[in-house]
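Here is the structure we will look at, set down as structure tokens.
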Amino acid sequence: MIVCKFGGTSCCSGSQLKKVKDILLANPERRYVIVSAPGKRFDGDQKVTDLLYQLDKDRHTASILAKIQQRYADIIRDAGITFDLDHEFEVIQNQLDTGSTAWLVSRGEYLNAKIFAAYMNWPFLEAADMIFFDENHHLIEPLTYRFMKKEMLAHANGVIPGFYGSDEAGNIAVFPRGGSDVSGALAARAVQADAYENWTDVDGILTADPHLVPEAKPINTISYQELRELSYMGAGMLQEEAVFPCRNAGIPINLRNTNHPNVQGTWIVSETKQRTEAHQPITGIAGKKGFSNIQIEKAMMNTQIGFGAKALSILAEHGVSFEHNPTSIDTMSILVPTADLKDCRKALLADLQAQLSPDNLFIEDGIALIAVVGEGIIRHVGFAARLFGLVAEAGINVRMIDVGFSEMNVIIGVNEEDFEKTIRVIHQGLVAK
Ligand SMILES: Nc1ncnc2c1ncn2[C@@H]1O[C@H](COP(=O)(O)OP(=O)(O)O)[C@@H](O)[C@H]1O
Ligand SMILES: N[C@@H](CC(=O)OP(=O)(O)O)C(=O)O
């Protein structure tokens with residue numbers, strides 16, 4: 001049995017929904033499908049979920065609601081589906097004053113799943129009755145699996161809206177953005193599927209973001225951990241939390257292209273399986289902008305037991321999470337998301353100054369982090385020399401290097417303006433060859 005998830009790009013129009021239907025009917029093992037809200041149809045278009053978040057800011061902007069309704073009306077017309085859209089929008093209109101943000105933004109998936117269920121003539125299985133969050137907004141996994149399994153297996157087929165579930169009070173709760181991937185992974189795990197197919201608009205996981213590196217190639221197989229490292233660092237094709245349910249149950253994930261259904265895509269499997277590209281140490285490259293470095297310098301820092309722990313606890317008190325923390329004898333660099341400093345920059349610096357009495361303390365913004373990922377890359381003789389040689393030859397100033405103990409990735413920090421260039425240079429020199 002296969003559980004499929006189709007992302008916003010696969011569900012953005014009537015013609016895309018036709019492709020989705022053909023894919024599902026081509027293999028009877030594809031019994032359950034999770035759909036996202038309609039995504040972008042072309043560059044510059046708006047995702048329905050983005051429109052809903054916009055509407056949430058001003059609930060009575062009639063033009064936004066009308067735009068959303070029109071998106072669905074076009075889908076229904078182009079796919080030739082019979083569906084009472086006016087009724088659904090009347091219900092939304094009636095709850096506009098009282099409904100929560102989560103409720104409102106989840107309507108994108110809810111409506112798309114209802115429409116697609118009508119199109120497939122499969123039952124609509126309500127995610128709010130199967131996916132549960134606690135009062136701290138954490139997923140209640142065992143309960144979710146129990147209810148999903150019962151509800152799904154009670155039907156031969158089913159269409160499930162992605163992105164949302166409900167809390168203990170029965171109110172709608174949503175995952176972080178991109179969360180339909182998680183809904184799909186939970187469904188696959190609940191019914192112990194043989195595979196979780198995640199359908200999108202690229203031929204698989206590519207060696208780099210195709211917007212930055214047009215010549216990036218699909219990866220045949222990748223381990224769960226490699227993928228996690230890439231998606232954490234911004235490779236946006238699979239929500240990072242979607243890996244865990246499948247990984248823990250040993251369910252392979254197959255990332256595929258709705259527009260090229262004959263392409264096998266990327267298989268995401270356990271670490272124990274060999275990658276077919278074993279001759280090639282790098283699996284992929286990903287990166288993110290928007291980091292700041294908190295630089296703390298103090299003579300003899302290395303002899304002061306607890307200095308690092310103290311610094312990090314001050315960050316925690318201000319709600320700042322740290323990503324990397326390279327240190328040397330008298331210097332500690334703490335890489336944090338710049339957004340975390342928005343409301344506490346001054347107070348944080350004052351606390352660090354008062355409690356650590358550093359010789360020098362400052363924050364540098366505008367840093368981008370790039371992860372070069374591949375099982376065992378660190379053990380490849382000459383890898384580091386080649387990597388840093390390439391970057392140096394391109395005249396790029398490396399601000400930070402962090403080599404974790406996982407032996408799976410090297411993180412380098414560069415100025416944001418060098419971000420795209422660095423990814424291209426590394427890809428060209430180490431992956432495309
Ligand atoms: N390494 C990568 N491999 C593949 N796609 C990537 C990578 N990095 C970023 N992407 C982007 O992820 C997109 C697919 O994710 P997403 O937009 O969430 O699709 P969907 O709406 O189908 O879920 C691709 O169109 C591509 O631009
Ligand atoms: N529609 C939601 C959830 C989601 O997963 O969408 P997509 O599959 O298009 O990334 C979002 O935009 O965040």
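Ligands are counted one by one from 1 in listed order, and the atoms in each one are counted from 1 as well. Heads up: numbering here begins at 1 and tracks the sequence.
For the residue pair Asp343 / His318, no side-chain donor-acceptor distance below 3.5 Å is found, with atom types taken as modelled. Side-chain contact of Asn259 with Gln16: a donor-acceptor pair under 3.5 Å is present, judged by distance alone. A side-chain donor from one of Asn198 and Asp181 sits under 3.5 Å from a side-chain acceptor of the other. Side-chain atoms of Gln70 and Asp74 include a donor-acceptor pair closer than 3.5 Å. Residues Tyr224 and Glu229 have side chains that never bring a donor and an acceptor to within less than 3.5 angstrom of each other. A donor atom on one side chain and an acceptor atom on the other are found under 3.5 Å apart for Gln46 and Gln54.
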task: In sequence, state the C-alpha distance, the side-chain angles, and the governing distance for Asp22 and Lys19, and then conclude on salt bridge (charged side-chain N to carboxylate O under 4.0 Å, His left out).
output: CA-CA 5 Å; Asp22 289 344; Lys19 293 182 191 170; over 6 Å; no

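For atom 10 (O) of ligand 2, the candidate residues are Lys40, Arg177, Lys47; the nearest heavy-atom contact is made by Lys47. If you check each of Pro161, Ser180, Ala242, Cys12 against atom 4 (C) of ligand 2, the one with the closest non-hydrogen atom is Ser180.
No salt bridge links Lys5 with Glu197; every basic N to acidic carboxylate O contact stays at or beyond 4.0 Å.
Not a single heavy atom of Gly162 sits under 4.0 Å from any atom of ligand 2. Assignment of Gly108 to the shell around ligand 2 is not supported, since no heavy atom sits closer than 4.0 Å.
Without hydrogens or angle criteria, Thr258 side chain to Asp201 main chain gives no donor-acceptor distance under 3.5 Å. Proximity of a side-chain donor or acceptor of Asp402 to a complementary backbone N or O of Pro326 within less than 3.5 Å is not detected.
Between Asp181 and ligand 2, a contact under 3.5 Å exists for no N or O pair. Of the N or O atoms in Gly7, none lie within a sub-3.5 Å distance of an N or O in ligand 2. Annotation: Gly8 places an N or O atom under 3.5 Å from an N or O atom of ligand 2; distance criterion only. Between Thr9 and ligand 2, no pair of N/O atoms sits closer than 3.5 Å.
Of the heavy atoms in Ser36, only side-chain atoms (C-beta onward) come closer than 4.0 Å to ligand 2. With a 4.0 Å heavy-atom cut-off, ligand 2 is reached by no atom of Gln239.
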I'd like the atom pairs linking ligand 1 to the protein - N or O on both sides, separation under 3.5 Å - with distances to 0.1 Å.
| from | atom 1 | to | atom 2 | distance (Å) |
| --- | --- | --- | --- | --- |
| ligand 1 | 1 (N) | Leu206 | O | 3.0 |
| ligand 1 | 3 (N) | Leu206 | N | 2.8 |
| ligand 1 | 19 (O) | Thr200 | OG1 | 3.1 |
| ligand 1 | 21 (O) | Gly8 | N | 3.1 |
| ligand 1 | 21 (O) | Thr9 | N | 3.4 |
| ligand 1 | 22 (O) | Thr9 | OG1 | 2.7 |
| ligand 1 | 22 (O) | Thr200 | OG1 | 2.8 |
| ligand 1 | 23 (O) | Lys5 | NZ | 3.2 |
| ligand 1 | 25 (O) | Asp201 | OD1 | 2.8 |
| ligand 1 | 25 (O) | Asp201 | OD2 | 3.4 |
| ligand 1 | 27 (O) | His211 | ND1 | 3.3 |

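Side-chain contact between Met237 and Leu255 is present, with at least one heavy-atom pair separated by less than 4.5 Å. Inter-residue side-chain proximity for Arg31 and Ile2 is flagged as unmet; no heavy-atom pair is nearer than 4.5 Å.
Annotation: atom 2 (C) of ligand 2 to nearest protein heavy atom, Glu109 OE2, 3.4 Å.
Contact atoms of ligand 2 toward Lys5: 8 (O) (distance under 4.0 Å to a heavy atom of the residue).
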